[in-house]
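Just so it is clear, the structure is predicted and the values come from calculations on it, not from any experiment.
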Amino acid sequence: MKFSLKRIGATGILLGVVAGPVAVLAAPQAGAIPPVAHPKQDLESAGSDTIYWVTKAIDTQYNTNGNAINSDKDHAGPIPPVNIAPFPTSYTTVGDAHCAKQTFNSSSAATTPPNGSSAGIGALVADAGKGCIDYARSSRGTKAGDPANIDFWAFGLDALGVGRFQGAGNPKASNVPANLTQQQIIQIYTCNPATGAPYISDWHQVNAAAPKGSLIKKFSPQTSSGSYSFFNSQILNGTTVDAGCNSSHLTTFIEEHDAAEVPTAAKPNAIFPMSYAQWVADRNKKTPDLRNGIVEMSINGIAPSAKTINTVDGAGHFIGTRYVYNVTMPTQPDYTDVLRLVGADNSGAGFICSGAEKSIITAFGFQPLAAATTGTTSSGTNVTLKSACRVNPTPV
């Protein structure tokens, strides 16, 4: 297994908006989760790279707008998934009565932040009532091994597709076809146990225009990421990257959505899973542009777009559509404050679930959710209030 954490990119601040059929929100029911009379809390999230930047933008709004929902002036902050540019190379929390200030950087194992959805969820669970990790960011839903007492608050839709390198700056045209079937992707990323080699290892096998000997260069998100987990469960239909492969046919693992880590020489034959929302945000300069010439491909003849990223399974639905989530645990000491930021109950909707952040969610390439009944929490509470979130929804 190869692994890299090099980061390349420049920050950007221009606003870009992606419209889509699920971006229209009916007004949620009035009201908000009541504030709690206590000193200011520090609400820190950890985990997903995919939703770090949109979370940072939402947190800034929550901290500075003086809105009625945050009437007790809590502070929200996202712990970066890695301490390598373009992410902050060091991050210090504000701290509160439950947890003192702490600095995250990669100078030691003790201060290295959780990188990826599963790592963030693991950090939340391990925090065990301390209030240092208040909630987790996740681009995957619940999976086997997750504790029963956590809740996944979906606040938008994304799509995990696969990309080829066809954009500006590439050395020559890609040998990768514009469309692959799901079965072809499975056969590229997994191997015949009898030989240890991929079932499909040469682009000529699926693209007659590619010369024989166009050996496939497969890349994957790091294994603690929600994108890796979702790629296995959804795109690979429950199998695992490199299943059956010997040491000569392993995937190169890189930071999720960082196509800048793919070497120039590999580009003509490279394939890499990438979030559609991240691709759009990079294009619109809402996030550091790490596309490196990658373009999203079609799977089964359907490309990810604002129209095909939807909850309607069937014709016109992109197979890689997924929810993105904020994950909470009711036993955390700041739980009510966290709920006011990322959740809802029958007294009202929190900041994100009220629909107040629809424009930010859309600007970062995600599709916000229309107002509907919120759902049932892990404790069995049926939140009948209509909100722009779904708690513990059935995967798309």
Would you name the heavy atoms of Pro273 and Ser220 that are closest together and state the gap between them?
-> CD-CA, 4.2 Å
Arg322/Asp158 salt bridge by N-O under 4.0 Å criterion = yes
When Met329 is tested against each of Val338, Asn149, Asp134 for side chain to side chain contact (heavy atoms under 4.5 Å, CB included), which residue passes?
-> Asn149
Between Asp42 (side chain) and Gly131 (backbone), is there a donor-acceptor pair under 3.5 Å?
-> no
Distance-only, no hydrogens or angles: does the Gln234 side chain make a donor-acceptor pair with backbone N or O of Ile319 under 3.5 Å?
-> yes
Side chains of Asn382 and Thr384: do they bring a donor and an acceptor to under 3.5 Å?
-> no
Do the side-chain N and O atoms of Ser305 and Thr308 include a donor-acceptor pair separated by under 3.5 angstrom?
-> yes
Say whether Val94 and Tyr52 are linked into one hydrophobic cluster, either directly or through other cluster members, by side-chain heavy-atom distances under 4.5 angstrom.
-> no
Electrostatic pair Lys218:Asp242 at N-O distance under 4.0 angstrom | yes
Within the 6.0 Å centroid threshold, strictly below: Tyr325 and Phe155 | no
Could you tell me whether the side chain of His257 and the main chain of Gln278 form a donor-acceptor pair under 3.5 Å?
-> no
Does a donor on one side chain and an acceptor on the other come within less than 3.5 Å for Gln332 and Asp127?
-> yes
Which value, rounded to the nearest 0.5 Å, describes the distance between Ser138 atom OG and Ile51 atom CD1?
-> 7.0 Å
Using the side-chain hydrogen bond (donor to acceptor under 3.5 Å, both in side chains) rule, pick out the option among Asn392, Asp146, Asp151 that qualifies with Ser378.
-> Asp151
Donor-acceptor contact present, side-chain Thr60 to main-chain Lys56, <3.5 Å = yes
Is the distance between the ring centroids of Tyr189 and Phe231 less than 6.0 Å?
-> yes
Backbone N or O of Val342 within a donor-acceptor pair of the Asn326 side chain at under 3.5 Å?
-> no
No-hydrogen, no-angle side-chain donor-acceptor test under 3.5 Å, Asn300 and Thr181 | no
Is the backbone N or O of Asn115 less than 3.5 Å from a side-chain atom of Ser224, with the two atoms forming a donor-acceptor pair by type?
-> yes
Side-chain donor-acceptor contact under 3.5 Å, Asn175 with Asn269 | yes
Would you please indicate if the ring centroids of Phe87 and Trp53 are separated by under 6.0 Å?
-> yes
Is Glu261 reaching over with its side chain to a backbone N or O of Asp258, donor-acceptor style, under 3.5 angstrom?
-> no
Check against salt bridge (charged side-chain N to carboxylate O under 4.0 Å, His left out), Asp72 and Arg340 = CA-CA 11 Å; Asp72 51 1; Arg340 197 176 306 112; 3.5 Å; yes
Do Lys73 and Asn63 have a side chain donor and acceptor closer than 3.5 Å?
-> no
For Thr111 and Asn105, indicate whether the former's side chain and the latter's backbone hold a donor-acceptor pair under 3.5 Å.
-> yes
So, the side chain of Trp279 versus the backbone of Ile294: is there a donor-acceptor pair under 3.5 Å, distance only?
-> yes
Check the angle between the aromatic planes of Tyr91 and Phe104 and answer parallel, tilted or perpendicular using the 30° and 60° thresholds.
-> tilted
Report yes if the side chains of Ile133 and Ile79 come closer than 4.5 Å at any heavy-atom pair, otherwise no.
-> yes
Check: Lys130 main-chain N/O paired with His98 side-chain donor or acceptor under 3.5 Å | no
For Phe366 and Val54, work out which heavy atoms get closest and say how close.
-> CE1-CG1, 3.8 Å
Do the side-chain N and O atoms of Thr50 and Ser275 include a donor-acceptor pair separated by under 3.5 angstrom?
-> no
Verify the cluster assignment for Tyr199 and Trp203: are they in a single hydrophobic cluster under the rule of side-chain heavy atoms below 4.5 Å apart?
-> no
Side chains of Ser227 and Arg140, donor plus acceptor under 3.5 Å | no
